[in-house]
K.L.:
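This is the structure, below, for whatever I ask next.
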Amino acid sequence: MARLTKAQREWRPGMPKKRRSTKVMFASTVLLLEAFVVFFATLAVFGLRRGEISPALILSLGIGLSIVLILACAVLSRPWGVALGWILQLVLILLGFVEPMMFLVGVLFALSWWYGIRTGIRIDREAAQREREQAEWEAAHPASAGNEGAGNQGAGTEGAGTEGTGQTP
């Protein structure tokens, strides 16, 4: 039998599902895309500059940076995770000294990172506000909190029998 995660062991029926951070999802997406770009940039540099730079150095640093970008996704929820992401954005921009096109690519990814973090924080804040308001409403209306659809048993019959007749309900 497979081992259960901590969240699976602590789960009980009726527990609300913990909401994933939109900021972390956006940031993870940017970092994963960067990992792919760095891998392919490594192949391009390997093909273009292997006479100037050691092929082993090119491949080890490029693949290593790709792995670091992927692993950084795991620590984004920690307080220092976003700072690590900013450092990786700077590293990506500095790759422009090896392959000049990476200046443009790095700046575009840094802008994507900034936008993803900023928008993710705003969406997370709005979601937390909605959850607080929902909890307040459910506390003020305990009788109807669990019966959202109970009063709509006969709903949806207003236009019955008019399909295909040209009549509007």
K.L.:
Does the side chain of Arg49 reach to within under 4.5 Å of the side chain of Glu99, using non-hydrogen atoms?
P.N.:
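They are in contact (side-chain heavy atoms under 4.5 Å apart), so the answer is yes.
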
K.L.:
Any chance you could measure Thr5, atom OG1, to Glu10, atom CD, to the nearest 0.5 Å?
P.N.:
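Here the interatomic distance stands at 8.5 Å.
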
K.L.:
Got a second to check how far Trp113's CH2 is from Thr29's OG1, nearest 0.5 Å?
P.N.:
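The OG1 atom of Thr29 is 10.5 Å from CH2 of Trp113, to the nearest 0.5 Å.
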
K.L.:
Take Gln129 and Glu126 through the side-chain contact (heavy atoms from CB on, under 4.5 Å) test and state the conclusion after the steps.
P.N.:
CA-CA 5 Å; Gln129 175 69 23; Glu126 291 171 359; 5.5 Å; no

K.L.:
What pair of heavy atoms forms the shortest contact from Cys73 to Ser28, and how long is it?
P.N.:
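Minimum heavy-atom contact is SG-O, 3.7 Å.
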
K.L.:
Under 4.5 Å between side-chain heavy atoms, hopping through other hydrophobics if needed: is there a path connecting Leu69 to Trp80?
P.N.:
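Linked, Leu69 and Trp80 end up in one cluster.
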
K.L.:
Could you tell me if the side chain of Leu76 sits less than 4.5 Å from the side chain of Leu31, heavy atoms only?
P.N.:
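They are in side-chain contact.
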
K.L.:
Does any N or O in the side chain of Arg9 come within less than 3.5 Å of the main-chain N or O of Leu4, such that one atom is a donor and the other an acceptor?
P.N.:
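Indeed, once roles are kept as given, a pair shorter than 3.5 Å links the two residues.
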
K.L.:
Between Ser66 and Phe39, what is the shortest heavy-atom contact and its length?
P.N.:
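Heavy-atom minimum between the residues: OG-N, 3.3 Å.
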
K.L.:
Less than 4.5 Å apart, side chain to side chain, heavy atoms only: is that true for Glu34 and Gln89?
P.N.:
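Yes; the side chains approach each other to less than 4.5 Å.
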
K.L.:
Among the clusters formed by ILVMFWY side chains lying less than 4.5 Å apart, do Val30 and Val68 turn up in the same one?
P.N.:
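In one cluster with Val30: Val68, yes.
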
K.L.:
Between Leu65 and Leu95, does a side-chain contact (heavy atoms from CB on, under 4.5 Å) hold up when you go through it step by step?
P.N.:
CA-CA 11 Å; Leu65 181 57; Leu95 283 177; 3.8 Å; yes

K.L.:
Contact between Arg125 and Arg122 at the side-chain level, heavy atoms closer than 4.5 Å - yes or no?
P.N.:
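The answer is yes, as the side chains (C-beta and beyond) meet within the 4.5 Å cut-off.
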
K.L.:
Considering non-hydrogen atoms only, spot the tightest contact between Ala72 and Leu88 and give its length.
P.N.:
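The answer is CB-CD1, 3.7 Å.
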
K.L.:
Could you tell me whether a side-chain N or O of Asp124 sits under 3.5 Å from a main-chain N or O of Thr22, the two making a donor and an acceptor?
P.N.:
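Flag set: sc Asp124 to bb Thr22 pair under 3.5 Å.
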
K.L.:
So how far is it from Met25 CE to Lys23 NZ, rounded to the nearest 0.5 Å?
P.N.:
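With rounding to 0.5 Å, CE (Met25) is 12.0 Å from NZ (Lys23).
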
K.L.:
Can you hop from Trp114 to Leu104 via hydrophobic side chains spaced under 4.5 Å?
P.N.:
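Different clusters: Trp114 never reaches Leu104 through Ile, Leu, Val, Met, Phe, Trp or Tyr contacts under 4.5 Å.
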
K.L.:
Tracing side-chain links under 4.5 Å among I, L, V, M, F, W and Y, which residues wind up in one group with Ile58?
P.N.:
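Besides Ile58, the hydrophobic cluster comprises Val45, Phe46, Ile53, Leu57, Leu59, Leu61, Val98, listed by chain and residue number.
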
K.L.:
Could you state whether Phe40 and Leu32 fall into the same hydrophobic cluster, counting links through intermediate Ile, Leu, Val, Met, Phe, Trp or Tyr residues with side-chain heavy atoms under 4.5 angstrom apart?
P.N.:
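Different clusters.
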
K.L.:
Kindly write out the residues that satisfy salt bridge (charged side-chain N to carboxylate O under 4.0 Å, His left out) with Glu136, not counting sequence neighbours, or none if the list is empty.
P.N.:
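Testing Glu136 for salt bridge (charged side-chain N to carboxylate O under 4.0 Å, His left out), a comparison that skips the adjacent residues, returns none.
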
K.L.:
Is the closest side-chain heavy-atom distance between Val37 and Leu33 below 4.5 Å?
P.N.:
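Val37 does not reach Leu33 side chain to side chain.
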
K.L.:
Treating Ile, Leu, Val, Met, Phe, Trp and Tyr as nodes and any side-chain heavy-atom pair under 4.5 angstrom as an edge, say whether Leu92 and Met101 lie in one connected cluster.
P.N.:
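No, Leu92 and Met101 fall in different hydrophobic clusters.
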
K.L.:
Are Ile117 and Phe26 close enough that some pair of their side-chain heavy atoms sits under 4.5 Å apart?
P.N.:
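They are not in contact (no side-chain heavy atoms under 4.5 Å apart), so the answer is no.
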
K.L.:
Given side chains that start at C-beta, do those of Met102 and Ile93 come closer than 4.5 Å, heavy atoms only?
P.N.:
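Of all side-chain heavy-atom pairs linking Ile93 with Met102, none is under 4.5 Å.
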
K.L.:
Find out whether Phe103 and Leu108 are in side-chain contact, i.e. whether some heavy atom of one side chain is under 4.5 Å from a heavy atom of the other.
P.N.:
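Heavy-atom side-chain distance check fails, nothing below 4.5 Å.
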
